[in-house]
Amino acid sequence: MLARIAYELFWIGRYCARAEHTARVLDGVFRVNLQGRPDDPAGVNLSWESLLAMAGAKRSNGDSPPASGGTVIRQLTLDPSSPASVVACVTRARSGCHTVRDVISAEMWEALNTLHLELRDTDLAAALQAGPHSVYALIKERCALFWGLAEQTMLRDQARAFLDAGRQLEAADMVLRMLRVALPPEGGEEGERAAVHDGQAFALLHAVGGFQAFRRSSAAPPHVFPVATFLLFQHEYPHSIAASVAALHASLRAADPRSHDSAPVLRLRRLTADLEFRRGSVDASGLAALVSQIQGELELTDRDIATRYFAGADLRPHVLTA
Amino acid sequence: MARMEPSGVMTGTCAEYEPYAESIDELFAGRGAARPHATALAGTLDRLGRLQLAATSRRREAIFMQQGITFEIPGADGGPSSERPFPLDLVPRIIPADEWTTIKRGLAQRIRALNAFVDDVYHAREIVREGIVPWPLVVSRSHFARAVHGVRPPGGIYCHVSGCDLVRDADGSWKVLEDNVRTPSGISYVLENRLAMTRLVPELFAGYRVRPVDHYPAVLLAALRHVAPSGSRTPTVVVWTPGPANSAYFEHAFLARQMGVELVEASDLVVRDDVCYMRTTEGLARVDAVYRRIDDAFIDPLEFRPDSLLGVPGLMRAYRAGTVAIANAIGTGVADDKAVYRYVPEMIRFYLGEEPILGNVETYLLDDPEQRAYVVSRIDSLVVKPTDESGGKGVFIGPKANEQEIQAQVELIEREPSRWIAQEVVQLSTVPSLVGNGELEPRHVDLRPFAVFGEDIRIVPGGLTRVALQRGSMIVNSSRGGGSKDTWVLQEDGAEPEPLRPTTQHELPTMRGLSQGDWHSQIQQQQQEQRRR
C-alpha cells in the first residue's frame, strides 16, 4: 500500500488513542482533585502540574503559582494548536479519516466525523465549566465506537494493521508517560513523598480506567509498586505495556510481508522478551529507570517504523520544525 | 467573595429559604441567612439558579436509571415491584470538621461497647450478673442466637460493619436513634452519590475541601482479610448475597466489584469436613472470610430455619471450627435490638468505663407495667417501634396518628408488650432540599455513618444522609419514599481550599512533547515556503 496512506492510518490510530487516554486522565484527575486530602494513604491525588509534565507541555517554574485545574483542563482539551489537546487530536484524526475514506469503512468515518461535529458545535468551554465529565464521557464513547466499528466492519488487511499499530504505540506511550510522572524518581523513597506517590499510583489506575481490572487481578493494596508492575507487565490487562507492545508487534508483523528482517519488528520482539524477563527480576528501586528505558526503546521503534514503512521520510514535525 | 461574610444575607433562591421554627436547620440560621460553613454553597446555588438545578436533577435521575443505581419499590398489596432511580438531592449536607470528630469518637466508643456486649452475652454474661441488663430481655430477643454460645470469632470482633443511625435534635445535639450491627446497607449509595455530585455539579465543591469516601471498599477488604483465619496464605474473601431479587443486590454487586472479590450465592458455597469452599471452574476453592448480606436465620438450614433455601448446610460447623470468618458474626442482632438499645449508655460505662459521647433518645420498655401505663397515657406524643424490625417497618408516630390508629396501636402493645418500645419524638434537623420546580425547602434528615471494625475501627467521613422527601415528614427510609444527600465532611484546616501541589516540591520528569503526524500539511507547507522563496 502507499506509504502515505499507511502513514495516515498509523496517525489516525495514534490520535484516537491519545484523545481517549487524555480524556480518561483529565476526567479522573478532575474528580479526585475536587475533593480534599484522602483519609487514607491509599487515597487518590494527582496534581495538575503532573498532567502538564505528562503531556510534555511547558510548566510553571518554582516562582509562579502552579497551574490551576481550569487552565490545564482547557489547555489539554481545547487548544487547537497543541498536539496534546483532545480537540486537536479529534480534528486531526478526522482529517486523516477524510483522506483515507476509501480505505476505512464508511461507518468508521461517520463515527469520527460525528464526534468532530459534536465537539465543533458545542460550547465546549461552557460545558467544561459546568462539568467536564459529560465532555470526556462523549469522547470515550465515540472512540470506543470507532474501534468497535473497525473490528466489525473493516477488512483485516494491511491498512487495519497500520491503524492498530498506531493505536498500540500511542497507548503504550501514554501509560509510560503517566508512570514516569507517578513513580518516585529514584524509587524506594520512604515517608511522605512515597505516600504522595502511592496516591498517584492509585489515581493512575483510575485515570487509565484500570482500577477494577487491578482489583480483580491482584490481591495487593493499590500501592505504587504493585500498581506499576500491573500496568507494565499484566498481559491480561489491555492497556498494560506488555499487552500494548505485544499487540504492536503483532500488528507490524501482519503489516509487513517481510517482517523477519524488519528493524521495528525485531526491536519489538526483543522488547517483548525483555519485559518478560524483567517482570520477575525488577524491584521498586529499578522501576523508574525501567520505564524510561522502555520509553527510549519505543521512541526508537517509532523512528524505525517511519524509516521502513513511511518511505524513509522522517516526517516527525518536532524534527522538521526544529 | 460571598463566603468571607460571616453569614451573608442572599438574594435569589436562598434568600427566600425559610427554616422550620421547631427544628434546627444545618445550613441556615434563619430566613435567607446561611451559616458560615454554608455561605459558599448558598452563593453557588444562587448562581446556578432554580431552572438549572431542576434540569440537572432530572438528568441525574436518567443517569442513575442507565447505570442501574436503583432500588425496588414493593408493589401495593403484593403487586409487581417497580424499579426506581435511587433518589439523590443535589444540595449536599455539610458537617464541619470539629462536629465530625465528636461523631467519629462517639461512634467508635459505641461500637466497642456493642461488640463487648455481644461477646459478653455469648460468654461470661457479666453485664447480666451485675444486674445491668436483665437476662430474660436478652434471651427473648428474636435475634439472640443460642447456636453461637461460646463461639469467639477471630480477634473477638463481631460487629465488623456497622451503620448506626444518628439524628440531630432541636437543641443541635447528635443522638443515636438506632444501632445497626447486622447487615446495614447504604454504603454503595454514599460512594455513588459522591461520584454523581462530582460529575453533575462540580461547581458546588468550589470553596470546600471535602474529605473523600471512595477508600471504603479498600478498608472493608483489609478488615475482612484481617479477621480471616488463613494462616500465611492470602485470604480469599467473598461477598454473599441472597441473590439478584434482593432489594440491596445493587450494593452487594457494587462491593464485590470494588473489592475485586467473588459475589457468591448459597449454591456456590459448600462445606466439606468443616471447611467452607466455593465451586469454581477449577474445582473447589477454599473460602476464608464471608461478608454475608443475609440474615442469621437463613445462613444454615441445619442450625436455623430448616426451610431456608438461601443457606449453606454445615456452614455453622465450619464457623464453630474456626476455619471461616463470617462478617458480621452470627448473633450480633441481639445488640441492635431496639429494646437492648436502651441499655447501650450503661454498656459504655460498664465495659469501657467511659461516659457516652453520643446520647440516646429517651426510650420506654413496654413490658414494664409502670412504663407501659405512662406510654399509653401520652401515646399521641410518642413514637412506638417494633423491637426486631428494620427499615421503618411497623413504626407508629403518635402526633401523626388518628384516633383509630392510636386505638389499634394500644391494642397491639397490650397484646405483646415486649415486642414494642416507645420513644420521645425527635425533631430531626433539616437541610435545604430541591423540590419539584428547583426551589429550596427544608426537609428532615438523619445520618448513617459506616464503621468498619478490623485491626481498628475506621469510619468513612460522612455517611448516608437520608432525607424525608415530603414536607414535614420524618420518614427517611428509602423503601418508604425517602431520598438521600451527599454528605460532606470538611477537612480540619477549614473550608478554605489549599492549593494542591503535592508533587511540585520535587522535580517532575521532563519529557519530549507529544509528536504529531501531518504528511500533507507538512509537505504542502514546505513546498509553499519553497515557492515563496
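The local environment of CZ in B:R286 is crowded, with over 12 non-hydrogen atoms from other residues, nucleotides or ligands closer than 6.0 Å. More than 12 non-hydrogen atoms from other residues, nucleotides or ligands lie less than 6.0 angstrom from CD of B:Q67.
For the pair B:E203 and A:L34, the minimum side-chain heavy-atom distance is 4.5 Å or more. A:R216 places none of its side-chain heavy atoms less than 4.5 Å from the side chain of B:V261. Within the 4.5 Å cutoff, no side-chain heavy atoms of B:L200 are placed close to those of A:H133. In this structure the side chain of B:R512 never reaches within 4.5 angstrom of the side chain of A:Q295, judged on heavy atoms.
Between the CG atom of B:D214 and the CZ atom of A:F211 there is a distance of 8.0 Å, given to the nearest 0.5 Å. Note that CZ of A:R215 and CZ of B:R257 are 13.0 Å apart. Values are rounded to the nearest 0.5 Å. The CZ atom of A:R18 lies 8.0 Å from the CD atom of B:Q516; values are rounded to the nearest 0.5 Å. To the nearest 0.5 angstrom, B:L514 atom CG is 7.0 Å from A:T22 atom OG1.
At a 4.5 Å heavy-atom cutoff, B:L48 makes no contact with chain A through either its backbone or its side chain. With a threshold of 4.5 angstrom between heavy atoms, A:A137 does not approach chain B through any atom at all. Heavy-atom distances place the backbone of B:V213, and not its side chain, under 4.5 Å from chain A. Heavy-atom distances place the side chain of B:E262, and not its backbone, under 4.5 Å from chain A. Using a 4.5 Å cut-off between heavy atoms, A:F30 contacts chain B through its side chain alone, with no backbone atom that close.
The nearest pair of heavy atoms linking A:P83 to B:S515 is CB-O, 4.2 Å. In terms of heavy-atom proximity, A:P132 sits nearest to B:P202 at CD-CG, 4.4 Å.
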